[in-house]
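First the structure, in the form of structure tokens, and then the observations on it.
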Amino acid sequence: MINRNIVCTVCPVGCEIHVFGKDKNDLSVEGNKCKRGKAYSINEVIQPKRVLTSTVVVKNGKLKRLPVKSKGYIPKKYIFDAMRIINDITVTAPVSMGDVIINNILGLGIDVISCRNIEAE
Ligand code: SF4
């Protein structure tokens with residue numbers, strides 16, 4: 001039996017959504033104001049995912065750390081493994097926004113990219 005209350009984070013309205021049902025193949029939702037909230041809340045129950053944001057060390061740059069993010073949603077169960085890989089990364093400036101910092105992290109088909117430009121010192 002599934003019975004969860006989820007706050008939808010897709011938009012600023014923040015609907016409180018009740019997801020319930022016999023199992024993951026038989027779910028109903030209440031409290032959503034739109035279809036996006038239904039899809040979001042069901043995904044949160046079946047396979048929660050997050051965009052991962054972090055920073056990596058920069059060598060030879062005007063800044064010492066580079067903000068990075070996953071270019072897609074990573075299943076929550078892989079977030080800690082992905083963080084371990086990100087924590088071991090050092091990049092060398094210059095770096096441009098959108099540069100791929102880690103290609104296909106954990107074989108998930110998702111790249112980790114740079115979120116800003118950093119010039120060389
Ligand atoms: S259900 Fe729709 S309106 Fe409500 S928070 Fe989610 S996206 Fe926004």
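Note that this is a predicted model, so its numbers are computed, not measured. One-based numbering, in listed order, for ligands and for the atoms of each.
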_Side-chain heavy-atom pair Met83, Leu52 within 4.5 angstrom cut-off_ = yes
*asked:* When you compare the side chain of Ile42 with that of Lys24, does any pair of heavy atoms fall below 4.5 Å?
replied: no
_I want to check something: taking the side chain as every heavy atom from C-beta on, are Ile17 and Val19 in contact at a cut-off of under 4.5 Å?_
yes
*Looking at side-chain heavy atoms only, is the closest gap between Lys64 and Val58 below 4.5 Å?*
no
_Do Val95 and Ile101 have side chains that approach each other closer than 4.5 Å (heavy atoms only, starting at C-beta)?_
yes
*In the protein, how many N/O/S atoms are under 2.8 Å from atom 6 (Fe) of ligand 1?*
1
*asked:* Working note: Glu44 + Arg50, criterion salt bridge (Lys or Arg N to Asp or Glu O under 4.0 Å); need CA distance, chi angles, decisive distance, verdict.
replied: CA-CA 10 Å; Glu44 274 295 287; Arg50 297 288 181 270; 2.7 Å; yes
